[in-house]
Amino acid sequence: MADEKSTGKRTLGVVEGRDSISEDASVAAEATVSEQIEALKTEISRLKESAGLIAEGTGQLAVAKAESVRDEVRQTIQANPLAALAGAAFIGYLFGLRHR
């Protein structure tokens with residue numbers, strides 16, 4: 001304790017010399033850490049698989065939504081061809097003004 005005050009350094013739980021922890025306990029601790037690392041690796045691989053499935057499902061949902069919107073627009077155009085023609089002419093006119 002006096003040594004800590006004089007040098008201003010703290011050991012933060014590091015014991016010098018012979019540890020009071022036996023070799024068996026350190027081997028058991030290493031084995032536990034290895035088991036935990038392996039468990040984390042398997043969990044990460046499961047998370048990667050889940051993320052892949054979610055991404056695939058999201059892509060399929062986006063494609064289905066785009067097809068649905070396309071079908072709705074097609075039905076609207078078939079129901080009101082003159083309104084669709086007027087809308088297309090208006091959009092063409094706006095693009096023409098933009099490029100002047």
What's in the same ILVMFWY side-chain cluster as F95, cut-off under 4.5 Å, chained through other members? I91
E49 atom CD: more than 12 heavy-atom contacts under 6.0 Å: no
Members besides L47 in its Ile/Leu/Val/Met/Phe/Trp/Tyr cluster (side-chain heavy atoms under 4.5 Å): none
Grouping ILVMFWY residues whenever side-chain heavy atoms fall under 4.5 Å, the cluster of L85 otherwise contains none
For E38, enumerate each residue passing the salt bridge (Lys or Arg N to Asp or Glu O under 4.0 Å) test, keeping only those at least two apart in sequence or located in another chain. K41
Pairs meeting criterion salt bridge (Lys or Arg N to Asp or Glu O under 4.0 Å) with involvement of residues 71-96, two or more places apart: none
Pairs satisfying side chain to side chain donor-acceptor pair (under 3.5 Å), at least one member in residues 75-98, at least two apart: none
Expected list for residues 50-69: side-chain donor-acceptor pairs under 3.5 angstrom, two or more places apart:
{"from": "S50", "atom 1": "OG", "to": "R46", "atom 2": "O", "distance (Å)": "3.1"}
{"from": "T58", "atom 1": "OG1", "to": "I54", "atom 2": "O", "distance (Å)": "2.8"}

Output the rest of the hydrophobic cluster of V33: all Ile, Leu, Val, Met, Phe, Trp and Tyr residues reachable through side-chain heavy-atom contacts under 4.5 Å, sorted by chain and number. I37
